[in-house]
J.: 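Mind having a look at this structure? Questions to follow.
The structure presented is a predicted model; accordingly, all values stated were derived computationally and were not measured. Below, all heavy atoms of this structure are taken into account, side chains as well, without hydrogens, waters or symmetry copies. Whatever order the structure lists them in is the order used to number ligands and atoms, beginning at 1.
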Amino acid sequence: MRIFWSSLLVVLYALSTAASPQSALDPAGPYANHLRRLWWLMFYTTSAVFLVVMIVLSFAAFRQRAASTSDSLFIPSEPERERRASRVVIGSVVATAAILFGLMLFSFFVGRAVYSRPAEADLLTIEVTGHQWWWDVRYANSIPSQIVTTTNEIHIPVGRTVVFKLNSSDVIHSFWVPNLNGKTDLIPGHPAETWLRADRPGIYRGQCAEFCGYQHAHMAFAIVAETEDQFRSWYENQLKSAPSPMTPTQLRGQQLFLSRPCVMCHGIRGTDAGGRVGPDLTHVASRQTIAAGTLPNDREHLASWIANSQEIKPGNRMPPIPFNSDDMNSLLDYLQSLK
Ligand code: CUA
């Protein structure tokens, strides 16, 4: 009975999250659409089987009770009854095998559609490296000056298939954007690939889907699907070096950044900061969230994150960095200017 209620809860939850920015039941592209069809087929089939089994079970229990209230405990074996029972058993076994075979066949064709590599022409290739607990993103290009590096927020053009080359720097993670495709594991030393295509613009939430340590639940990312023009202008902006400080406080913030522990781990192109241990901050202010989808990217949250990120995401690699309030304001002015 407990299994029944927990399954029901899972199904109700899945249905309630349909049409959301993180739902496998609200596909925004062809691969997720194949998976959605498989999901619904399995849902309807197994629900029907469950219903039939419950009806037959209730019927049998009722008959058993009626029989046990009669005077005699002795139930004579009748050949006709025996034959009927074996026909029912054989029929059920055949039906079960046929249903399972049907589901397997459908699943096989869905697998083929989802896992056959898209043709090479016009593909956009993005390299994603999983870290505890954030995503390093690099847009591959044969010309080094055309490579974009960013973190946790992946912009893609609508209608174009994007190939992701996946790797991990530490433990096993899993790349999953439910609205766009299924899961692919990121295994250290074992490069993997997945692909997806968004057919309508939107922001689709992705989530690490393999338990990878303390902050696994705070390892989210976003796929921002936009028109080709919007994508182009975003890309052109990301290619640029960080904007120079425009005000005295921004300048002071930059000097603080470059003279404090920040510079050991983070990179800002166009400055001396070249750290690769933590997220690249060249255009940090252009992103919508910080800490891998954990906090909105605004001044207050950025301040509390810098002051003591361990309170927000315990176990992450960034140590608390004490700044007095003047210094903090200058640093925030500078970071928020990095559009
Ligand atoms: Cu990375 Cu879970």
J.: Ion pair present between R36 and D26, side-chain N to carboxylate O less than 4.0 angstrom?
T.: no

J.: What pairs with E210 under side-chain contact (heavy atoms from CB on, under 4.5 Å), at least two apart in sequence or on another chain?
T.: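 Listed in chain order: I172, S174, D185.
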
J.: Please step through ring pair (Phe, Tyr, Trp, His ring centres under 6.0 Å) for the pair F211 and H216, ending with a clear verdict.
T.: CA-CA 6 Å; F211 181 71; H216 154 70; 5.7 Å; yes

J.: Check whether the side chains of T249 and D333 place a donor and an acceptor atom closer than 3.5 Å, and report yes or no.
T.: yes

J.: What's in the same ILVMFWY side-chain cluster as M104, cut-off under 4.5 Å, chained through other members?
T.: F101, L105, F108, F109

J.: Quick one: which residue pairs count as a ring-ring contact (aromatic ring centres under 6.0 Å, His included) with a foot in residues 121-146, not counting sequence neighbours?
T.: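 Sorted pair list: H131-W134, W135-F175, W135-F221, Y139-W234, Y139-Y235.
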
J.: Leaving waters out, which protein N, O or S atoms fall under 2.8 Å from atom 1 (Cu) of ligand 1?
T.: H173 ND1, C208 SG, C212 SG, M219 SD

